[in-house]
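There's a structure below that I have some questions on.
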Number of protein chains: 2
Amino acid sequence: MLTRSEEDHLKAVFALLQDGESAFTKDIAARLSTKASSVTDMLKKLAEKGFLKHEPYYGAKLTAKGTAHALTLVRKHRLWETFLVERLSFGWDEVHEVAEQLEHISSPKLVDRLDDYLGNPRFDPHGDPIPDRQGKLRVRKTKRLDTCTTGDTVRIAAVSETTDGLLRLLDSKGLRIGSVLTVQELHAFDGSMDVKPKSGAAFSLSKDVSHHLQVESN
Amino acid sequence: MLTRSEEDHLKAVFALLQDGESAFTKDIAARLSTKASSVTDMLKKLAEKGFLKHEPYYGAKLTAKGTAHALTLVRKHRLWETFLVERLSFGWDEVHEVAEQLEHISSPKLVDRLDDYLGNPRFDPHGDPIPDRQGKLRVRKTKRLDTCTTGDTVRIAAVSETTDGLLRLLDSKGLRIGSVLTVQELHAFDGSMDVKPKSGAAFSLSKDVSHHLQVESN
DNA sequence: AAAATAAATTAGGTGAGCCTAATAAACGAT
DNA sequence: ATCGTTTATTAGGCTCACCTAATTTATTTT
């Protein structure tokens, strides 16, 4: 059994590895708002328990066991978010903290029943894929909005950074998962782009925003 | 903010006081499977924080603040049990441990939304009353089955000790909340009684069992 | 390649929440 | 009323998950 803190560290490692390279001590610490030395302690413990490999000074890599456990956490987190939004009418921008607590509830039966109750959803309210019972992640072929070019018409599939600020900004523009929009113009000097939603007036999105929107071709 | 352990101690005190007299150190320790000395520590802390009054050697009494907080815990526990049984098809005898975890999730919004989602139920699957948003407990006038006499026809309203053993025993006899039965004969020598369900053959219930069944007149 | 810088680890300390053992208080029986 | 038993508290110690400060390793700059 893992403690809540151990699970948080495991999830942080998993999340960092998802985004590309190694998970470094300082990045894990930043993500969890703790200090590097605390992270080192934890990495040693998790390595001893067989959830990851810790290469001192070169970060951590997950073992199969660690990946499997991290996926159950992601599964729980996203299922609870789905429950909160779809059944309890929470806004998609206010579910994160609560799901952060709920994901640590330990009851395999509960997770699977919840999954069935929600109709075995494939994606959560942010458009992120929900691992299935076996821990398989179904991925979609998406690209970042900031890699699109003029004329592309795409559907928003996911938001990769779920900060309150970004989520509220999107909400204020009327954007959500599934929104369809066309790229109208690219501004090279600051990376911003003008986009036009299917219905409504065009507006501008900064690079900061478009970088975090995963889209699929329409 | 209270820690999980503090909340567990608070709830134990509340539960003991419900059943009558003072909450003594040893009883709290027994309920939480810890040692008396640990409980003393915790009682001091909770007293300092204003949730209870600790009279050394004479147990603990809750303050208004303590009672209010305990009631929010009871509310959460019973709402989650209701959710698990009514929405996720859990058996009423397998929800306790999970609800024990869920009750510590801290989000007032979540509790109230869940309450609405479930249709503001007044009683949980064990027949115990669910405190409302203001912490008010609606009580029913019930008596224990072992205080009934021959000829009484009553409906099972609640089970006061929710051990797995007792719940399964009831299940095996076909008894549940709402079951109606008639007292047929009392056996003074061991306190057992013969009861006949509305449909089906009569059987015997030990004092141990009838003592924990809260019933209301039919 | 030596020096400066950045990052990670180690060493050592703290508070929370538990424990055991020792002591003190309350209670029940004679 | 005193003795013996039960129960509670205190004293002191342990582990866990954090911290700061010191040290070591890796990387970048010159």
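Proteins get letters first, then strands, A, B, ... in listed order; numbering begins at 1 in each.
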For residues 48-63 of chain A, which side-chain donor-acceptor pairs fall under 3.5 Å, sequence neighbours excluded?
unit_1: Lys49(A); atom_1: NZ; unit_2: Glu6(A); atom_2: OE1; d: 3.4
unit_1: Lys49(A); atom_1: NZ; unit_2: Glu6(A); atom_2: OE2; d: 3.0
unit_1: Lys61(A); atom_1: NZ; unit_2: Ser22(A); atom_2: OG; d: 2.7
unit_1: Thr63(A); atom_1: OG1; unit_2: Gly50(A); atom_2: O; d: 2.8
unit_1: Thr63(A); atom_1: OG1; unit_2: Phe51(A); atom_2: O; d: 3.1
unit_1: Thr63(A); atom_1: OG1; unit_2: Lys65(A); atom_2: N; d: 3.4
unit_1: Thr63(A); atom_1: OG1; unit_2: Gly66(A); atom_2: N; d: 3.0

Report task. Could you tell me which residues satisfy side chain to side chain donor-acceptor pair (under 3.5 Å) with Asp146(B), sequence neighbours excluded, listed by chain and number? Result ->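 Asp146(B) satisfies side chain to side chain donor-acceptor pair (under 3.5 Å) with Arg144(B), His211(B) only.
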**Report entry** Selected nucleotide, minimal atom distance to Asp41(A) side chain, candidates dC18(C), dC18(D), dT27(D)
**Finding:**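 My answer, after comparing the listed nucleotides, is dC18(D).
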Query raised in the report: Ignoring hydrogens and angles, does a donor from either the side chain of Thr40(A) or the base of dT10(C) sit under 3.5 Å from an acceptor on the other?
Result: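 Answer is no: no donor-acceptor pair is held.
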**Report entry** Side chain to side chain, Asp128(B) and Glu81(B), heavy atoms closer than 4.5 Å
**Finding:**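 No, every pair of side-chain atoms sits at 4.5 Å or beyond.
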Requested in this report: Report the C-alpha distance between His69(B) and Glu7(B) in whole Å, list the side-chain angles of each, state the deciding distance to 0.1 Å, and finish with yes or no for side chain to side chain donor-acceptor pair (under 3.5 Å).
Outcome: CA-CA 8 Å; His69(B) 194 90; Glu7(B) 287 192 335; 3.0 Å; yes
Query raised in the report: Would you call Arg31(B)-Asp27(B) a salt bridge at under 4.0 Å N-O?
Result: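 Answer for the salt bridge query: no.
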Query raised in the report: Nearest of dA8(D), dA11(C), dC19(C) to any side-chain atom of Tyr57(B)?
Result: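 So the side chain of Tyr57(B) is nearest to dA8(D).
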Query raised in the report: Looking at residues 1-8 of chain B, who's got a heavy atom less than 4.0 Å off DNA chain D?
Result: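 Heavy-atom cutoff 4.0 Å gives no residues at all.
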Query raised in the report: In chain order, what residues pass the side chain to side chain donor-acceptor pair (under 3.5 Å) check against Lys35(B), with sequence neighbours excluded?
Result: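 None.
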Query - Contacting residues from residues 24-36 of chain B, given that a heavy atom lies under 4.0 angstrom of DNA chain D - result: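 Result for residues 24-36 of chain B: Phe24(B), Thr25(B), Lys26(B), Ala36(B), sorted by number.
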Report task. Please identify each residue that fulfils side chain to side chain donor-acceptor pair (under 3.5 Å) with Asp115(A), with sequence neighbours left out. Result ->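 Here the qualifying residues are Arg75(A), Asn120(A), Arg133(A).
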